[in-house]
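The structure appears below as structure tokens.
Note that the structure is a prediction, hence the values are computed from the model and not measured. Computation of the quantities below employed the complete heavy-atom set of this structure, encompassing side-chain atoms and omitting hydrogens, waters and symmetry-equivalent molecules.
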Amino acid sequence: MNHSLSLDYLRDLAAREWGLDVLAARDLGSNEDRNVLLTLADGSRRLLKVSHGGIARGELEAQDAALAHLAGSGVAVPRVHPARDGRSLVPLDGGAHARVLDFLEGEPPRGARLSAGLPAALGATAGAVVAALEGFDHPGLGEGGDWDLREARRVLDEAMPALGGVYLEQLPSVLAEAEFRLLHVRDALRVQPIHGDLTADNVVVDVDGAIAGVIDFGDLGRGWLVAEVAVLACSLLQHDGPAVSDAFDAIAAFDAVVPQTREEIAALWPLVVSRAVVLAAAGERVLAEDPGNDYARVRRVLEDRMLERALTLGYDEAELLLMERLGRVAPVSMDGVVPMVAGLADAPEVDLSVLGDAADGGAWLWRSWPQDVLRAGAGEWAAVTRHGERRLTPEAVTGDAPRSVALGVDVLVPVGTEIRSPGPGFAAMHGPRDLAVQLDTGVTVYLSRASTVVGPDDDIVTGTLLARADGPFHVQVCAVPGLVPPEMVTAEHADAWTRLCPDPAPLLGRVAAASSPRTPGDLLDARDAAFAQVQEHYYVAPPRIERGWRHHLLDTDGRGYLDMVNNVAILGHGEPRIADAVARQLRRLNTNSRFHYEAVVELSEALAARAPEGLDTVMLVNSGSEAVDLAIRVARAATGRTDILALTEAYHGWTVGADAISTSLGDNPGALESRPDWVHLLDAPNTYRGRHRGSDAGGYLEDALARLSEMDDAGVVLAGFVAEPIFGNGGGILLPDGYLAGLYEAVRARGGVVVSDEVQVSYGRLGEHFWGFAQQGVVPDVIAVAKAMGNGHPLGAVITTRAIAEAFAVEGSFFSSAGGSPVSAVVGSTVLRVLDEDGLQENARVVGALLRDGLMGLTVRFSALGAVHGMGLYLGLEVVAGGPDQPDPVAAREICEAMLLEGVVVQPTGDHKNVLKIKPPLTIDSVAVERFLGALERVMVRREAWAAL
């Protein structure tokens with residue numbers, strides 16, 4: 001890019017050569033040319049382009065001619081403005097040339113996520129450009145450049161000295177395989193002028209997101225026609241979202257304008273991979289030659305993502321999916337087939353999905369579980385699995401979208417059962433344990449994991465004995481002869497694959513399954529219609545979560561998500577000891593706590609034993625909101641007063657009392673203006689963003705004591721003080737050392753009761769401490785606790801002294817219908833027992849330290865990650881736009897959405913909704929921590945890359 005020419009010089013050049021009255025000029029970003037935006041006196045705008053000195057004049061003339069040709073064909077492109085003397089190109093020193101073009105109003109699509117419909121619009125635009133250029137020719141047209149995919153091997157060979165590590169081994173082998181796939185079709189691929197780089201970077205969109213025009217014809221040249229859409233498809237793989245599906249949408253839109261030949265379809269995905277290899281190799285070469293090239297450095301991150309995603313599809317699979325997507329595959333017909341095995345019409349189906357009971361207790365993590373479930377569900381003699389089912393597989397916990405959708409069925413029948421041909425045909429494939437029979441109708445039947453009986457050259461007619469069962473066997477059909485389809489595919493491609501490999505039920509004498517139940521989108525619409533929308537849900541397009549196991553959540557597509565927010569499920573999801581205890585107690589008795597039974601005594605004794613000495617009396621409720629509300633009432637009854645002291649930025653619950661002292665602006669933007677007069681507030685001792693920071697944090701206690709003195713002067717007498725010992729909703733911010741000790745002493749000196757809201761931060765979550773208040777070295781008069789108490793079951797408690805509890809009798813007897821019920825009490829006791837048995841508090845200490853250290857390392861690398869709060873497994877990660885005073889809720893939300901694509905559930909909290917709350921089940925281990933940190937690192941690296949482009 002030629003930066004040696006000043007903007008003043010270029011303004012004068014525009015005036016002198018083109019007669020333009022320029023009011024302002026500014027540089028625009030560019031990879032090679034110098035692009036200067038000119039604002040003219042009449043308000044219109046032009047683009048002054050100064051070419052790189054190494055670009056031949058003939059190439060620039062070809063670009064200008066192509067622009068005129070495209071404009072004449074109705075394609076929206078910039079118009080070239082001739083200079084006063086009629087020249088379109090004005091030569092400059094060093095071999096550069098200047099020219100003036102229309103400035104196409106609009107902006108290139110920005111950011112990691114493309115808007116819905118844009119991939120298809122890009123494909124249609126690429127098709128329009130290629131169609132228009134079909135008859136174009138010019139002597140200056142380039143051919144054989146670095147971006148011509150016919151030259152991919154040369155580009156890689158020239159970059160080889162710059163390659164190291166994994167690239168040195170990976171790129172040559174990947175390109176060699178792509179080249180092998182191209183061998184039999186490359187000579188049949190059409191060659192013509194193409195844009196060469198028609199991606200989202202080289203279009204502009206209007207305010208509605210529609211494509212307003214195509215720009216940057218610097219890569220114009222002759223090349224394979226199909227390379228135009230391959231380049232586009234490859235570029236889409238760098239974006240967030242269902243990138244491969246987006247690429248297919250673009251290809252389908254391109255094909256609708258410029259129908260692809262059979263050979264071009266076969267070449268498409270190898271060319272996508274080739275483009276990704278070329279980008280990676282060229283990027284490494286640029287960095288080796290120019291280590292300070294920041295543009296190339298950030299691009300490498302996204303180029304790696306393109307290659308990684310391109311390789312998620314095998315070439316056979318990609319070709320077949322493209323054939324199906326482009327309508328080149330005839331529908332499957334199984335007319336006239338007869339059952340391969342007799343007596344299966346009413347055989348029971350087993351359920352291997354997220355909703356199946358067989359998955360309880362993590363059974364799906366065992367490789368043998370499909371066979372185990374088949375055997376358990378076999379009934380009198382047989383059982384079958386379900387076609388198209390989204391199954392649970394051990395791969396669900398890896399973070400990637402697993403191949404979870406079944407394209408065939410597994411069948412269990414007695415050993416020796418005969419399996420016969422459903423129609424006439426021939427053995428297209430043959431082996432001792434597998435067989436493919438291509439029927440005369442064109443359908444191919446795949447039989448595997450059975451003892452083959454038929455010989456490779458035997459005639460096959462309807463009823464020919466093919467094999468005998470010696471365990472569960474697999475049956476699958478496919479519409480494309482000669483292709484061996486996978487048994488399982490990802491949910492992203494399931495619709496296409498299940499059309500290519502439909503339900504083989506007719507081959508088993510069964511009726512094909514009915515249509516699928518409601519999709520996650522359908523269910524979300526139904527939720528919004530029947531469930532008050534004020535009860536918000538996570539994510540713009542949330543996955544449908546129907547199962548959990550330990551620190552994993554599982555959606556109905558069989559994908560697992562690492563759960564980093566569920567402090568309710570402290571023991572993890574699906575804990576069998578809780579389930580067994582609840583089932584056992586429900587079979588015996590569930591009633592209210594006014595009856596006399598052992599479970600409520602056991603739980604109350606266990607809670608009192610965990611509390612500090614003197615806090616020996618328990619009151620049981622259903623939730624944290626009720627626990628805090630009851631704690632307020634207890635404090636009032638014990639003191640005969642009504643006024644309560646609380647902190648800003650805190651959330652305590654939704655009941656009238658708990659809500660009255662809740663001031664979190666993130667939950668209620670009008671909280672500070674709507675407090676009742678009996679609530680008195682102290683500034684949140686936020687040591688990161690508040691008034692007093694760092695070594696000045698002791699000022700919060702001084703301010704609080706001064707505020708109490710003001711209240712004394714005003715005649716306010718406190719019933720009590722309610723606070724979280726760690727700012728839970730604020731993201732786990734630790735209070736200044738000595739803060740609670742000083743305030744507790746001051747409140748008690750005034751006759752008040754101190755309440756610790758332990759709803760979020762207790763039960764060993766902090767690692768070093770069972771109770772949150774222990775971190776501050778204090779003991780409250782009243783403990784309010786919930787959430788972790790029931791591991792998701794509605795259960796809460798107030799723990800206090802006998803004297804304070806009995807003082808509450810002035811308000812009459814206390815009763816909660818379900819609080820302390822036999823089932824709830826058994827749940828509570830079991831939670832405490834499992835916490836001890838599994839050493840989960842110690843796990844919170846050890847794994848929490850690993851997690852915190854990893855997060856601290858990321859804050860050093862990424863300026864947008866401002867600080868790490870909390871301890872143990874209650875942490876908060878600040879997302880900022882420059883420092884504590886610039887919280888960035890938009891970035892926090894985008895990070896959470898991007899993390900979901902990585903298979904991680906995390907959500908923002910705090911008054912500004914900019915703190916990532918990190919409070920996973922205490923079962924989390926070092927493997928999961930590494931996975932979380934790796935996902936967050938990848939998301940942040942990509943965010944920095946997108947921001948730098």
Side-chain angles (χ1 to χ4, degrees), residues 237 241-248 269 273 308-325 350-356 358-359 362-374 385-410 434 446 448-449 472-480 483-504 513 516 519-520 543-547 549 552-562 900-904 931 935:
L237 301 182
V244 175
S245 292
D246 285 348
F248 278 25
W269 209 254
V273 172
E308 177 187 344
R309 281 173 153 176
L311 295 175
T312 60
L313 286 181
Y315 291 120
D316 283 339
E317 181 177 12
E319 182 178 343
L320 188 59
L321 288 173
L322 284 169
M323 290 282 288
E324 198 281 334
R325 182 72 172 82
V350 299
D351 189 345
L352 298 171
S353 75
V354 170
L355 297 171
W364 50 277
L365 288 166
W366 296 97
R367 295 281 174 184
S368 63
W369 101 284
Q371 292 75 31
D372 295 342
V373 176
L374 270 171
T385 62
R386 300 188 296 195
H387 173 265
E389 179 179 56
R390 271 75 168 158
R391 293 183 183 177
L392 272 175
T393 68
E395 287 73 27
V397 298
T398 65
D400 297 323
R403 288 181 174 263
S404 59
V405 183
L407 295 183
V409 298
D410 298 306
D434 56 79
Y446 292 88
S448 56
R449 298 190 286 280
F473 65 90
H474 184 78
V475 178
Q476 191 169 340
V477 298
C478 185
V480 181
L483 177 87
V484 180
E487 291 188 12
M488 307 281 284
V489 295
T490 62
E492 182 179 2
H493 303 301
D495 288 347
W497 266 120
T498 51
R499 288 190 292 270
L500 290 165
C501 299
D503 193 341
S516 301
T519 67
R544 181 182 168 189
I545 302 295
E546 294 285 2
R547 181 175 289 277
W549 176 245
H552 302 282
L553 296 167
L554 299 151
D555 73 11
T556 47
D557 281 334
R559 182 174 187 182
Y561 299 84
L562 184 59
L900 185 69
L901 299 176
E902 295 281 338
V904 177
R931 175 180 155 194

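Here the closest non-hydrogen pair linking Arg559 and Gly399 is NH2-O, 2.6 Å. Closest approach of Arg544 to Leu355, counting heavy atoms only: NH2-CD1, 4.3 Å. For Ala496 against Glu324, the heavy-atom pair with the smallest separation is CB-OE1, 3.4 Å. Contact record, Ala935 with Glu902: CB-CB, 3.8 Å, taken as the closest heavy-atom pair. Counting all heavy atoms, side chain and backbone alike, Pro485 lies closest to Cys478 at CG-CB, 4.0 Å. A pairwise comparison of heavy atoms in Leu554 and Gly560 identifies CD2-CA, 3.7 Å as the closest pair.
Contact annotation: the side chain of Thr556 never approaches that of Ser353 to less than 4.5 Å [non-hydrogen atoms, C-beta and beyond]. For the pair Pro486 and Arg403, the minimum side-chain heavy-atom distance is below 4.5 Å. Side-chain contact check for Leu352 versus Leu392: every heavy-atom pair is 4.5 Å or farther apart. Residues Arg367 and Pro394 form a side-chain contact, since some pair of their non-hydrogen atoms from C-beta on lies under 4.5 Å apart.
For His493, the ring-ring contact (aromatic ring centres under 6.0 Å, His included) partners two or more places apart in sequence, or in a different chain, are Phe248. Residues passing the side chain to side chain contact (heavy atoms under 4.5 Å, CB included) test with His387, sequence neighbours excluded: Val409, Thr498, Asp503, Pro504.
Side-chain atoms of Glu492 and Ser245 form a donor-acceptor pair, as typed in the model, at a separation below 3.5 Å. Counting only N and O atoms by type, the side chains of Glu317 and Trp497 include a donor and acceptor under 3.5 Å apart. In this structure, a donor-acceptor pair under 3.5 Å is present between the side chains of Thr393 and Glu395.
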Item to check | side chain to side chain contact (heavy atoms under 4.5 Å, CB included) evaluation trace for Tyr561 with Leu900 | outcome: CA-CA 8 Å; Tyr561 299 84; Leu900 185 69; 3.6 Å; yes

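Look at Arg391 and Asp410 and you find a salt bridge, because one of the NZ, NE, NH1 or NH2 atoms lies within 4.0 Å of a carboxylate O, short of that distance. A salt bridge is defined here as a Lys NZ or Arg NE, NH1 or NH2 lying under 4.0 Å from an Asp or Glu carboxylate O, and Arg390 with Glu546 fails to meet this definition.
For the atom pair CG of Leu313 and CD of Glu319, the computed distance is 12.0 Å after rounding to the nearest 0.5 Å. Rounded to the nearest 0.5 Å, atoms CD (Glu308) and CG (Leu237) are 10.5 Å apart.
In this structure a side-chain-to-backbone donor-acceptor pair under 3.5 Å is missing from Arg931 to Val904. Distance alone, capped at 3.5 Å, places no donor-acceptor pair between the Trp549 side chain and the Trp364 backbone. Using a distance-only test at 3.5 Å, with no hydrogens or angles considered, a donor-acceptor pair links the side chain of Arg547 to the main chain of Val354. Within the 3.5 Å criterion, the main-chain N or O of Leu311 finds no donor-acceptor partner in the side chain of Trp269. Side-chain N or O atoms of Asp555 include one that pairs as donor or acceptor with a backbone N or O of Asp557 at under 3.5 Å. A distance-only check finds no donor-acceptor pair linking the side chain of Gln371 to the backbone of Pro472 [under 3.5 Å].
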